[in-house]
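Notes for the one structure printed next.
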Amino acid sequence: MFNSLSDRLTATFKNLRGKGRLSEADVDATVREIRRALLDADVAVPVVRAFTAQVKERALGLEVSQALNPGQQVVKIVNEELVGILGGQTRRLRFAKNPPTVIMLAGLQGAGKTTLAGKLAKWLKGQGHSPLLVACDLQRPNAVKQLQVNGERAGVPVFAPHPGVSSEFEAATGDPVAVAYQGMAEARAKLHDVVIVDTAGRLGIDAELMQQASDIRDAISPDEVLFVIDAMIGQDAVTTAQAFNEGVNFTGVVLTKLDGDARGGAALSVASVTGKPVMFASTGEALTDFEVFHPDRMASRILDMGDILTLIEQAEKAWDKDEAARMAKKFADQEDFTLDDFLAQMQQIRNMGSMKKMLMMMPGAANIRQQLENFDEREIDRVEAIVRSMTPHERVAPKIINGSRRARIARGSGVHVSEVNGLLERFGQAQKMMRKMAAGGGIPGMPGMPGPGGFSGGARKGKAAAAKGKKKPRSGNPAKAAQEAAAAEARRNAQRASVPTGAAFGQQNDFDPSSLNLPKGFDKFLGK
């Protein structure tokens with residue numbers, strides 16, 4: 001969604017690198033490029049003016065002139081101002097003191113309210129709540145049926161006493177206000193603690209739409225009114241948001257279709273113009289493509305700084321703790337890493353969601369966007385097919401997989417032999433790394449990992465072993481080099497002499513170390 005804006009801003013900040021001092025002309029040029037980038041992204045003109053004026057004022061102040069790195073300070077200012085226009089702080093749902101908590105969805109037709117209702121219900125269920133979906137969109141063809149399907153997929157019950165219309169030629173007959181009121185009674189009777197009311201929309205703003213939304217609001221007194229807006233509609237987002245704010249006085253905004261390729265200015269305009277925070281974002285078609293909107297994280301994504309916190313949260317939700325414990329036990333017991341383990345780890349990664357989306361959350365991902373766009377999400381499926389085409393013995397002992405076995409595996413998984421060879425090669429590298437980690441040697445040069453170059457016990461062991469086998473460099477001074485050689489020979493002689501020869505036969509070692517020409521103070525190492 002924000003790829004174009006991100007690229008423009010990143011290119012603008014590259015011109016500031018390496019400058020020890022920024023002149024007013026540098027600041028003006030930077031602000032001018034930021035203004036163009038925002039306008040090209042369909043951000044509302046009043047928002048752009050206020051944003052660039054604030055950035056310019058701060059960039060020309062002492063905040064930048066006294067900074068050690070003025071270029072990075074300007075990026076920091078832009079980041080903070082982006083967070084400001086996106087809403088400042090993360091806004092959470094306000095739950096009623098006395099359940100049920102009522103959430104009403106409002107917005108234009110086609111914005112994605114019904115799909116969002118299912119996503120929100122699934123998310124709330126995952127948070128430990130017991131939501132109920134209420135179908136009050138009785139005028140859009142098959143809207144009630146769509147909500148029932150979404151509810152079934154999310155595992156959430158749907159209250160739909162009226163079927164709605166099944167075609168655009170059929171006149172709406174049901175009363176959405178009465179359905180909403182009955183839904184409240186149903187939630188209380190069935191002990192649901194959250195009610196999500198899906199309302200009807202229109203293709204455009206009209207009095208009938210606003211009156212119906214206002215009547216539903218008056219009937220159920222919702223705790224939250226969420227305005228659902230398509231992030232791809234551009235400049236019209238501001239007008240639509242203002243109209244709904246006046247009509248139903250919504251409390252929060254939900255952005256849908258953030259995975260689209262439009263310019264995304266709506267997300268940067270709605271919160272600033274209406275003063276209402278963006279609370280959630282829909283990032284795909286699946287019910288799990290739904291996340292809490294964090295202004296600071298979104299600003300970091302726009303500026304290509306990554307979003308590591310969201311990535312960690314997704315990993316924590318998707319990662320199987322039992323599988324992680326099993327792998328930890330294998331490491332502790334120094335058991336070998338098998339292809340079954342390799343497949344289990346690949347499946348864990350797939351459970352986290354789209355690889356492209358995850359990799360785009362990494363800092364600097366814009367530099368490899370083209371490679372990520374060409375990444376095939378089905379690669380993990382091919383890996384699974386190859387591994388499952390192997391016998392149990394082949395998965396445990398891949399060294400027995402010869403040419404004929406590879407051909408059989410390739411036929412069974414529907415791939416070329418070269419792909420089987422590539423997988424076995426990658427697995428061999430992973431197996432070597434796992435063996436080294438299990439033995440305590442770690443990954444060489446990997447900070448924070450056990451082993452040489454790391455910070456744990458394995459690192460100390462590795463350094464000690466390296467020091468033991470490493471010869472001390474000799475001096476370039478001939479006299480000093482001769483002295484060092486003599487001292488080294490003396491040490492070797494002392495070590496040989498200190499070994500009790502013939503001790504098994506009761507003989508004693510009567511070698512006198514004082515007969516050696518040892519360096520001053522060396523005798524203390526001999527116990528003298």
Side-chain angles (χ1 to χ4, degrees), residues 90-107 111-138 140 142-164 174 176-201 213 216-217 219-229 248 250-256 277-293 313-314 317-318:
T90 303
R91 163 79 151 75
R92 306 284 182 176
L93 278 175
R94 287 194 295 255
F95 292 97
K97 294 181 180 178
N98 298 316
T101 299
V102 183
I103 302 173
M104 173 181 167
L105 304 181
K113 291 191 301 302
T114 304
T115 302
L116 183 88
K119 293 182 177 182
L120 180 59
K122 185 176 179 63
W123 180 80
L124 286 169
K125 184 180 179 182
Q127 300 290 316
H129 296 281
S130 175
L132 173 70
L133 291 167
V134 179
C136 292
D137 185 358
L138 307 180
R140 182 170 65 86
N142 295 317
V144 174
K145 182 64 176 177
Q146 181 186 354
L147 187 65
Q148 289 173 331
V149 171
N150 288 335
E152 182 179 352
R153 290 168 57 196
V156 174
V158 178
F159 180 72
H162 195 284
V177 179
V179 172
Y181 192 79
Q182 293 167 14
M184 294 289 296
E186 176 76 5
R188 293 190 184 96
K190 300 291 180 66
L191 301 180
H192 293 282
D193 63 343
V194 180
V195 179
I196 302 173
V197 180
D198 178 32
T199 64
I216 293 175
R217 174 169 185 145
I220 62 177
S221 300
D223 300 282
E224 296 279 10
V225 179
L226 301 183
F227 172 53
V228 183
I229 187 169
V248 296
F250 57 81
T251 58
V253 180
V254 180
L255 294 171
T256 62
V278 180
M279 296 176 59
F280 297 102
S282 175
T283 57
E285 295 181 1
L287 289 182
T288 53
D289 294 333
F290 177 81
E291 60 187 44
V292 177
F293 188 87
E313 289 175 359
Q314 290 184 359
K317 286 190 295 184

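Every heavy atom of this structure was used, including side-chain atoms; hydrogens, water molecules and symmetry mates were not.
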Return the minimal non-hydrogen interatomic distance between [X] and [Y], and the atom names on each side.
X      : Y      : result
His192 : Pro131 : ND1-O, 3.6 Å
Phe293 : Thr90  : O-CG2, 3.7 Å
Lys113 : Gly107 : NZ-O, 3.2 Å
Ala160 : Val144 : CB-CG1, 3.6 Å
Gln182 : Pro161 : OE1-CG, 3.8 Å
Leu133 : Gly151 : CD1-CA, 3.9 Å

Under the 3.5 angstrom rule, does the side chain of [X] hit a backbone N or O of [Y] as a donor-acceptor pair?
X      : Y      : result
Ser282 : Phe290 : no
Arg217 : Val248 : yes
Lys125 : Gly155 : yes
Thr101 : Val194 : no
Glu224 : Thr251 : no

Of [options], which meets side-chain contact (heavy atoms from CB on, under 4.5 Å) against [X]?
X      : options                : answer
Leu124 : Val156, Asp193, Ile103 : Ile103
Ile220 : Val177, Val134, Val102 : Val102
Thr115 : Asn150, Asp289, Val228 : Asn150

Looking just at side-chain N and O atoms, do Asp198 and Thr114 make a donor-acceptor pair shorter than 3.5 Å?
-> yes
Does the side chain of [Y] come within less than 4.5 Å of [X]'s, by heavy atoms?
X      : Y      : result
Arg188 : Met184 : yes
Leu147 : Asp137 : no
Cys136 : Val179 : yes
Lys122 : Lys119 : no

Determine, step by step, whether Glu186 and Leu132 satisfy the side chain to side chain contact (heavy atoms under 4.5 Å, CB included) criterion, reporting the C-alpha distance in whole Å, the side-chain angles of both residues, the deciding distance to 0.1 Å, and the verdict.
-> CA-CA 9 Å; Glu186 176 76 5; Leu132 173 70; 4.0 Å; yes
Hey, can you tell me if Phe250 and Phe227 have their rings parallel, tilted or perpendicular (30° and 60° cut-offs)?
-> parallel
Begin with the C-alpha distance, continue with both residues' side-chain angles, and end with the deciding distance and a verdict on side chain to side chain contact (heavy atoms under 4.5 Å, CB included) for Ile229 and Thr256.
-> CA-CA 6 Å; Ile229 187 169; Thr256 62; over 6 Å; no
To the nearest 0.5 Å, tell me how far Thr199 OG1 sits from Ile216 CD1.
-> 5.5 Å
One should read off an interatomic distance between Phe280 CZ and Arg92 CZ, to the nearest 0.5 angstrom, of 8.5 Å
When you look at CZ of Phe95, are more than 12 heavy atoms from neighbouring residues, nucleotides or ligands closer to it than 6.0 Å?
-> yes
